[in-house]
Amino acid sequence: MMKIRKAQFTDSEALAALCITVWIDTYCSEGIEAAHANYVLDEYTAKNLKQRIVNSTVLVAEVKGSPIGLAILNGKLGEIETLYVLSRFKGLGAGKALVDELKKHTNLELYLTCWEGNEPALQFYKRIGFMETGETFFELDGKKIRNVALACS
């Protein structure tokens with residue numbers, strides 16, 4: 001049975017590993033370039049996750065006491081900064097459950113950005129009520145990567 005709960009400091013190592021796993025599975029379709037490795041190893045550390053737990057709303061989806069997904073919300077802006085579910089657990093409703101719980105943590109319209117090449121995620125967001133609102137760009141190693149902006153009230 002899946003459970004959604006607030007993240008604790010003791011989750012930080014497992015959540016860092018989860019983030020790295022999902023990020024590499026999603027964005028490294030042609031292998032792991034040095035820029036990819038540097039980004040995930042700098043961005044997704046236990047220390048950084050602890051900071052996010054203090055400064056943001058961080059929720060964990062777990063099965064049998066182990067994290068299978070997480071969501072990070074900047075409640076002051078309504079921005080879902082991260083929504084990751086391990087690939088082998090997709091389809092269990094963890095993503096939707098995390099978004100539904102995030103809605104309880106802000107009165108603002110939720111919004112996010114998603115890489116244009118992540119078609120399964122874009123379909124998921126549209127299926128649960130997000131609508132395309134524009135585009136943004138993520139820069140990695142001097143390359144601009146197009147992201148789709150989405151929002152849901």
Side-chain angles (χ1 to χ4, degrees), residues 2-7 11 15-45 48-49 51-63 67-153:
M2 186 185 52
K3 175 182 168 184
I4 304 296
R5 63 172 175 78
K6 284 194 129 188
D11 296 316
L15 295 180
L18 186 150
C19 288
I20 290 169
T21 301
V22 173
W23 201 95
I24 287 173
D25 283 351
T26 302
Y27 301 109
C28 297
S29 58
E30 296 179 14
I32 302 172
E33 297 175 22
H36 296 145
N38 291 332
Y39 177 80
V40 296
L41 292 174
D42 288 342
E43 183 71 18
Y44 299 117
T45 65
N48 285 352
L49 266 292
Q51 280 297 103
R52 302 302 288 279
I53 290 167
V54 170
N55 297 322
S56 305
T57 299
V58 181
L59 301 178
V60 176
E62 67 180 12
V63 171
I68 63 158
L70 88 153
I72 301 173
L73 172 71
N74 179 329
K76 294 175 185 164
L77 300 175
E79 180 182 9
I80 299 174
E81 296 174 342
T82 303
L83 180 61
Y84 289 162
V85 175
L86 290 169
S87 61
R88 66 188 152 276
F89 293 98
K90 288 184 178 173
L92 297 179
K96 183 172 182 338
L98 286 163
V99 171
D100 288 346
E101 189 64 27
L102 288 178
K103 288 178 180 178
K104 299 174 185 177
H105 293 271
T106 186
N107 294 325
L108 301 172
E109 176 180 69
L110 293 179
Y111 73 95
L112 56 88
T113 62
C114 180
W115 173 47
E116 70 178 344
N118 191 350
E119 194 58 38
L122 291 169
Q123 290 176 7
F124 163 75
Y125 292 126
K126 290 175 182 175
R127 191 170 57 250
I128 65 167
F130 281 78
M131 301 193 56
E132 222 173 292
T133 60
E135 67 182 8
T136 62
F137 291 87
F138 174 78
E139 192 168 323
L140 181 64
D141 199 32
K143 297 177 189 170
K144 287 190 175 188
I145 300 162
R146 183 177 179 271
N147 283 345
V148 176
L150 301 124
C152 177
S153 47

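These numbers were taken from a predicted model, which means no experiment stands behind them.
Shortest non-hydrogen contact noted between T133 and A151 is CG2-CB, 3.8 Å. Taking all atoms of both residues into account, the shortest heavy-atom contact from L83 to A71 is CD1-CB, 3.7 Å. Taking both residues in full, the closest heavy atoms of G95 and V85 are given as N-CG2, 4.0 Å, listed atom of the first, atom of the second, then distance. Residues A35 and D141 come closest through the heavy atom pair CB-CB, 3.5 Å. Closest of all the heavy-atom pairs between D42 and T45 is O-CG2, 3.7 Å. The two residues P67 and V60 have their closest heavy-atom pair at CB-CG1, 3.8 Å.
For the pair Y44 and L18, the minimum side-chain heavy-atom distance is 4.5 Å or more. Looking at heavy atoms from C-beta onward, D11 lies out of side-chain contact with L70 at the 4.5 angstrom threshold. L108 has its side chain out of reach of K76: every pair of non-hydrogen atoms, C-beta onward, lies at least 4.5 Å apart. A 4.5 Å side-chain heavy-atom check between L59 and H105 finds at least one atom pair inside the cut-off. V40 places none of its side-chain heavy atoms less than 4.5 Å from the side chain of Y27. A heavy-atom distance below 4.5 Å is found between the side chains of I80 and F130. No side-chain heavy atom of I128 sits under 4.5 Å from any side-chain heavy atom of C152. A 4.5 Å side-chain heavy-atom check between L122 and L150 finds at least one atom pair inside the cut-off.
Judged purely by atom type and a 3.5 angstrom limit, S56 has no side-chain atom pairing as donor or acceptor with the backbone of V58.
Between the OH atom of Y84 and the OG1 atom of T26 there is a distance of 7.0 Å, given to the nearest 0.5 Å. Atom-to-atom distance recorded for I72:CD1 and L15:CG is 8.0 Å, nearest 0.5 angstrom. Taken from OG1 in T57 to NZ in K104, the straight-line distance is 13.0 Å, to the nearest 0.5 Å. Separating the CG atom in L73 from the CD atom in E81 is a distance of 7.5 Å, to the nearest 0.5 Å. Between the SG atom of C19 and the CG atom of N48 there is a distance of 10.0 Å, given to the nearest 0.5 Å. H36 NE2 to L140 CG: the interatomic distance, rounded to the nearest 0.5 Å, is 5.5 Å.
Residues E132 and K126 are paired through a salt bridge, judged by an N-O separation under 4.0 Å between the basic side chain and the carboxylate.
By the 6.0 Å contact criterion, CD on E30 is open, its count of non-hydrogen atoms from other residues, nucleotides or ligands being 12 or less. In the displayed structure, M131 atom CE is contacted under 6.0 Å by at most 12 heavy atoms of other residues, nucleotides or ligands.
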Stepwise side chain to side chain contact (heavy atoms under 4.5 Å, CB included) test for Y125 and V148: CA-CA 11 Å; Y125 292 126; V148 176; over 6 Å; no

